[in-house]
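Presented below is the structure to which this report refers.
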Amino acid sequence: MTQNKKYFLCGIGGSGMLPLAMLLKARGADVTGSDRALDQGRTSEKFDFLRDYGIELFPQDGSGLMSREQTIIASAAIEDTVPDIAAALKNGSTRVTRAEALADLFNGADTRIGVAGTSGKSTTTAMIAWILHAGGHAPTVMNGAVMKNFVTADNPFASARAGDGPAFVSELDESDGSIALFTPDIAVLNNISLDHKSMDELRALFSDFLAKARTPILNLDNDETRELLPSVRDTALTYTLEPDRWAVGAALTAEAITPAAFGIHFEAVSKTARTPVDLKMPGRHNVSNALAAILAAHAAGMSIEAAATALNDFTGVKRRFEFVGTSNGKTVIDDFGHNPDKIAATLRTLKAFDGRLLVMFQPHGYGPLRKFGTELITTFVENLSGDDRLFMPEPVYFGGTVDRSSNSADLVFEIKRQGINADAFETRIAAGDAIVSAASPGDRIIVMGARDDTLSEFAADLLERL
């Protein structure tokens, strides 16, 4: 399908583009690319890795587009005036989106496992990948996060894996509607909540997604997801953490849930098996993700017991409640939380244990800040209390034309008005200085945000300064 084809990826360092580049290269394609972060001198390790992987990189000035034989892969949002796009148009190159290129690979696989939902996709995808790998099924995997189990010295950015087995496991994105391009055999739907689209749009997209699959897998604990069950009841597998609530029996439940600071124990219970799992990721939401992953692997041919047992060796994904370290009694955690649901899940997990929270939340754009403003205010007011503190710099911004009229100070004003200790900062550096000055032994410092690879560097720097 991709053998001997030539692809140029505009924005190749992105969380979705980098693993796509890896898969295309592994399938025999000639892959090149550019990235604005490369031109700006940011995240150099990532680009060194791509070069070592055999991918040639160019400035984002059009110089990498040399012939019409190159297919350019770029976000639909990138304007025609961007030099790479202008050069591709001049050459007559075919332009496709990342989702279109991925769908071409995914839909050609023998066993197609698509993971969807507002929250938990990356973790669930990584869990399924590890379970199938541990069972000897050699899956191909496309993820939006680095999967720790597959990280090696030669592959520190293991967000994709090219296997020779029949299964292709992929995180699928509803934010741009591209989930409609994919035809899964096994369709996992973790949850539905407000994110990039309206609820009506999300319901339609996810309903169509489930209808395509021979085995839909649904979370009964999410109200919106449960509402879609009647349309696929005859073929669906369901899971729940609260089996006593539902008249319809779930295929898989969790019992004896016992939280720990950086992990959680539970028993995966089906009609035929009860299997203990010690998960190395905390939070009830990750127990839910684990049940989804077990059922997906089961639908692909593994036993419930084998799938559940494999999760004892699952080590998680980068920037999902990732323990950075402890210094002088102060603990730093790096987390991808950026929408209300994800932030709330992380904060609830933290609040189950003693210790003040110092939360540094960097919004992942001015548009999302406007869209989620009211919900973000509610999330922080409901999940922070007492001496907890919120530190909010301005949204991440890497240039380009964007409406920057909304700002963090507007949210902080309302959060403070409702009784929460919160401060806004012009820069992340200023927020970091304030955190270091405020931190005391016993505090837990959580760095939250998305679309900015340097957040992990910021978290590591905080630990060093503490």
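In what follows, every heavy atom counts, from backbone to side chain, and hydrogens, waters and symmetry copies are set aside. Just so you know, these numbers come straight off a predicted model, no measurement behind them.
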Let me see the working for Val436 and Leu462 under side chain to side chain contact (heavy atoms under 4.5 Å, CB included), right down to the final yes or no.
-> CA-CA 7 Å; Val436 171; Leu462 276 183; 3.8 Å; yes

Determine yes or no for a side-chain-to-main-chain donor-acceptor pair under 3.5 angstrom, with [X] supplying the side chain and [Y] the backbone.
X	Y	result
Thr215	Ile186	no
Asp278	Asn312	no
Lys342	Thr118	yes
Thr454	Glu457	no
Asn289	Thr124	no
Asn421	Arg389	no
Lys212	Phe182	yes
Arg444	Gly355	yes
Asp39	Arg36	no
Arg356	Gly386	no

Between [Y] and [X], is there a side-chain heavy-atom distance shorter than 4.5 Å?
X	Y	answer
Leu291	Phe266	yes
Glu227	Arg203	no
Leu466	Ile445	yes
Val359	Asp388	no
Arg214	Thr235	no
Leu252	Ser270	yes
His137	Met302	yes
Leu105	Phe168	yes

Donor + acceptor pair across side chains of [X], [Y] (<3.5 Å):
X	Y	value
Thr240	Thr253	no
Asn149	Thr315	yes
Asn191	Thr225	no
Ser456	Asp334	yes

Crowded around [X] [atom1]? As in, over 12 foreign heavy atoms under 6.0 Å?
X	atom1	result
Glu255	CD	yes
Gln418	CD	yes
Phe353	CZ	yes
Ile429	CD1	no

Does Ala422 have any side chain to side chain contact (heavy atoms under 4.5 Å, CB included) partners at least two apart in sequence or in another chain, and if so, which?
->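 Counting only residues at least two positions away or on another chain, Ala422 forms a side chain to side chain contact (heavy atoms under 4.5 Å, CB included) with Leu390, Val412, Ile415, Lys416.
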
Residues Arg465, Asp433; criterion side chain to side chain contact (heavy atoms under 4.5 Å, CB included); working and verdict = CA-CA 9 Å; Arg465 294 178 66 189; Asp433 291 341; 2.8 Å; yes

Give me the atom names and distance for the closest heavy-atom approach of [X] to [Y].
X	Y	value
Ile294	Ala268	CD1-CB, 4.1 Å
Lys46	Leu18	CG-CD1, 3.3 Å
Ala431	Met360	CB-CG, 4.3 Å
Ala459	Val332	O-CG1, 3.7 Å
Ala129	Met147	CB-SD, 4.3 Å
Ser122	Val317	O-CG1, 4.1 Å

Taking it one step at a time, do Phe49 and Met22 satisfy side chain to side chain contact (heavy atoms under 4.5 Å, CB included)?
-> CA-CA 11 Å; Phe49 163 73; Met22 293 169 65; 4.0 Å; yes

Assign the ring pair Phe380 / Phe361 to parallel, tilted or perpendicular, where the plane angle (0 to 90°) is split at 30° and 60°.
->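 Correct class here is tilted.
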
Give me the ring orientation class for Phe391 and Phe425: parallel if the planes are under 30° apart, tilted from 30 to 60°, perpendicular past 60°.
-> parallel

Dump the intermediate steps for side-chain hydrogen bond (donor to acceptor under 3.5 Å, both in side chains) on Asp173 and Ser178, then the final yes or no.
-> CA-CA 6 Å; Asp173 188 10; Ser178 62; 5.1 Å; no

Among Thr346, Leu350, Leu357, whose side-chain contact (heavy atoms from CB on, under 4.5 Å) with Ile333 holds?
->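 Testing Ile333 for a side-chain contact (heavy atoms from CB on, under 4.5 Å) against Thr346, Leu350, Leu357 leaves exactly one candidate, Leu350.
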
Sequence neighbours excluded, which residues qualify as salt bridge (charged side-chain N to carboxylate O under 4.0 Å, His left out) partners of Arg112?
-> Asp185

Report yes or no: is the cationic atom of Arg320 (NZ for Lys, CZ for Arg) under 6.0 Å from the centre of the six-membered ring of Phe336, at an angle within 45° of the ring normal?
-> yes

Among residues two or more places apart or on two chains, list those pairs meeting salt bridge (Lys or Arg N to Asp or Glu O under 4.0 Å) that have a residue in residues 300-313.
->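 Pairs touching residues 300-313 that pass the test: none.
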
Hey, what do you get for CG (Asp341) to CG (Asn190), rounding to the nearest 0.5 Å?
->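 CG of Asn190 is found 11.5 Å from CG of Asp341.
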
For Glu322 and Lys148, what are the C-alpha separation, side-chain angles and deciding distance, and is it a salt bridge (Lys or Arg N to Asp or Glu O under 4.0 Å)?
-> CA-CA 11 Å; Glu322 184 174 12; Lys148 292 183 180 179; 3.6 Å; yes

Step-by-step side chain to side chain contact (heavy atoms under 4.5 Å, CB included) determination, Phe106 to Thr140 | CA-CA 9 Å; Phe106 179 87; Thr140 293; over 6 Å; no

